[in-house]
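Residues: numbered from 1 along the sequence shown. Bear in mind the structure is a predicted one, so any value in this text is a computation, not a measurement.
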Amino acid sequence: MKKIIFLCLFALCGCGTLYNGERVASLDVEFDETTPSSWGSRNIPSTQVCRRDGGRGATPGLLVSNIPVKANLLLLSMNDDDNPDLANGGLGVLGFPIISGQTEKLLMPVMGEENRLPKFVFAEKRTIANVNEYPYMPPCRALKHHYSASVIAVYRTGSFDKQKTEVLGYGKIYLGKY
């Protein structure tokens, strides 16, 4: 009986994370040191903010690992954690296709305030923070807000109009304050 209880507790603790009330795999998300960037400090780098504030911001290069084998897509949500309207991908959600079985992926930086995206990424949800609805809007207006990025590993099937998406993993990284 003790072995069964221990196994049940082990299965509930440390083997995943909660995403929308369901247990999914915990993704490891860290800044990629090989991608030229100034991300990774307590404050948002002045170069990574919006044009209005004198920057030319891009998403950070991120290394995502612990990706479930079944996943075929990573969704990168850019968040202003202090603004409820922008907290869950309100600065944009970018999709990075992956090969099923790939357990580690480098998410290359994507320029903000641009409508043309590199071929390795697509706009899953455009920002609501700007009238232009860019795929990604960098931090703007220095309000002492906290910013983060969330990565969701999914398995997506079906045609464009009848897609089914199964969430398999979740991870988050703190980007800094601006």
Side-chain angles (χ1 to χ4, degrees), residues 16-20 24-68 71 73-98 103-118 120-154 167-178:
T17 190
L18 287 179
Y19 177 79
N20 286 341
V24 296
S26 295
L27 303 178
D28 294 326
V29 183
E30 59 189 72
F31 292 105
D32 176 50
E33 296 177 8
T34 64
T35 306
S37 170
S38 48
W39 289 96
S41 64
R42 289 174 29 154
N43 296 315
I44 300 290
S46 60
T47 57
Q48 300 302 340
V49 298
C50 66
R51 290 183 197 146
R52 178 190 159 281
D53 290 355
R56 184 112 169 87
T59 63
L62 297 173
L63 182 61
V64 181
S65 53
N66 244 11
I67 301 169
L73 178 64
L74 295 177
L75 298 173
L76 173 65
S77 297
M78 302 302 290
N79 315 305
D80 176 344
D81 295 331
D82 293 315
N83 182 335
D85 293 333
L86 304 177
N88 294 305
L91 298 175
V93 179
L94 302 170
F96 293 81
I98 60 174
T103 59
E104 186 173 275
K105 172 82 173 177
L106 174 60
L107 305 184
M108 296 297 292
V110 175
M111 289 301 300
E113 298 178 275
E114 296 282 334
N115 281 309
R116 293 182 106 191
L117 291 173
F120 59 82
V121 66
F122 65 90
E124 174 80 3
K125 175 182 152 191
R126 293 177 174 272
T127 182
I128 59 168
N130 188 299
V131 75
N132 292 324
E133 295 184 2
Y134 296 116
Y136 166 60
M137 181 68 191
C140 211
R141 298 194 176 127
L143 299 171
K144 298 190 190 248
H145 282 203
H146 298 87
Y147 292 84
S148 68
S150 309
V151 180
I152 303 168
V154 303
V167 175
L168 303 172
Y170 175 80
K172 189 170 186 173
I173 188 168
Y174 180 68
L175 300 178
K177 183 170 81 171
Y178 181 62

(request) Any chance you could measure Cys50, atom SG, to Met137, atom CE, to the nearest 0.5 Å? (result) 4.5 Å

(message) Tell me if a side-chain donor or acceptor on Thr127 pairs with a main-chain N or O of Gly90 at a distance below 3.5 Å.
(response) yes

(request) Go through the side-chain N and O atoms of Asp80 and Tyr178 and say whether any donor and acceptor fall under 3.5 Å apart. (result) no

(message) How close do Pro135 and Arg126 get, counting heavy atoms only, and between which atoms?
(response) CD-NH1, 3.1 Å

(request) Decide if atom CZ of Arg52 counts as having more than 12 heavy atoms of other residues, nucleotides or ligands within a radius under 6.0 Å. (result) yes

(request) Check Ala129 against Leu91 and note the closest heavy-atom contact, atom names and distance. (result) CB-CD2, 3.7 Å

(request) Please test Leu94 against Leu75 for side-chain contact (heavy atoms from CB on, under 4.5 Å), starting from the C-alpha separation and ending with a verdict. (result) CA-CA 6 Å; Leu94 302 170; Leu75 298 173; over 6 Å; no

(message) For a quick check under 3.5 Å, do Asn66 and Ser26 share a side-chain donor-acceptor pair by atom type?
(response) no

(message) When you compare the side chain of Gln48 with that of Pro139, does any pair of heavy atoms fall below 4.5 Å?
(response) no

(request) Kindly assign one of parallel, tilted or perpendicular to the pair Phe31 and Trp39, based on the angle between their ring planes and the thresholds 30° and 60°. (result) parallel

(request) Check step by step if side-chain contact (heavy atoms from CB on, under 4.5 Å) holds for Val49 and Ile44. (result) CA-CA 7 Å; Val49 298; Ile44 300 290; 3.8 Å; yes

(message) Within the structure provided, determine whether Met78 and Leu175 are in side-chain contact (heavy-atom separation under 4.5 Å).
(response) yes

(message) Check this for me, if you would: do Glu133 and Lys125 make a salt bridge, where the nitrogen-to-carboxylate-oxygen distance has to be below 4.0 angstrom?
(response) no

(request) Verify side-chain contact (heavy atoms from CB on, under 4.5 Å) between Ile152 and Tyr19, making sure each step is shown before the conclusion. (result) CA-CA 9 Å; Ile152 303 168; Tyr19 177 79; 3.2 Å; yes

(message) So, taking the atom named CG in Leu63 and the one named CG in Leu27, what distance separates them when rounded to the nearest 0.5 Å?
(response) 11.5 Å

(message) Within the 4.5 Å heavy-atom criterion, are Asn83 and His145 side-chain neighbours or not?
(response) yes

(message) Return the CD to CG distance between Glu113 and Asn132, rounded to the nearest 0.5 Å.
(response) 8.5 Å

(message) Evaluate Leu73 against Phe122 for side-chain contact (heavy atoms from CB on, under 4.5 Å), listing each step before the verdict.
(response) CA-CA 11 Å; Leu73 178 64; Phe122 65 90; 3.6 Å; yes

(request) Hey, could you give me the OH/CG distance between Tyr174 and Asn79, rounded to the nearest 0.5 Å? (result) 12.5 Å

(request) Tell me yes or no: between the side chains of Asp82 and His146, is some donor less than 3.5 Å from an acceptor? (result) yes

(request) Kindly indicate whether the side chain of Tyr170, heavy atoms from C-beta on, has any atom under 4.5 Å from the side chain of Val29. (result) no

(message) Does any part of the side chain of Phe96, heavy atoms only, come nearer than 4.5 Å to the side chain of Leu76, both counted from C-beta?
(response) yes

(request) State, to 0.1 Å, how close Ala71 and Ala153 come at their nearest heavy-atom pair, and which atoms those are. (result) CB-CB, 4.1 Å

(request) Can you measure from CZ (Arg56) to CE (Met111) and round to the nearest 0.5 angstrom? (result) 4.0 Å

(message) Are there over 12 heavy-atom neighbours, none belonging to Asp28, within less than 6.0 Å of that residue's CG?
(response) yes

(request) Over all heavy atoms of both residues, which pair between Glu114 and Tyr134 is shortest? Give the atoms and the distance, please. (result) N-CD2, 3.5 Å

(message) If you compare all heavy atoms of Ala123 against all heavy atoms of Leu117, which two are closest, and at what distance to 0.1 Å?
(response) N-CD1, 3.5 Å

(request) Looking only at non-hydrogen atoms, find the nearest pair between Val110 and Pro118 and report the distance. (result) CG1-CD, 4.4 Å

(message) A side-chain contact here means heavy atoms from C-beta on lying under 4.5 Å apart; do Asp32 and Leu62 qualify?
(response) no

(message) If you define the side chain from C-beta out and look only at heavy atoms, does anything of Tyr136 sit under 4.5 Å from Val93?
(response) no

(message) Does any part of the side chain of Val121, heavy atoms only, come nearer than 4.5 Å to the side chain of Pro97, both counted from C-beta?
(response) no

(message) To the closest 0.5 Å, what do you measure between CD1 (Ile67) and NZ (Lys105)?
(response) 8.0 Å

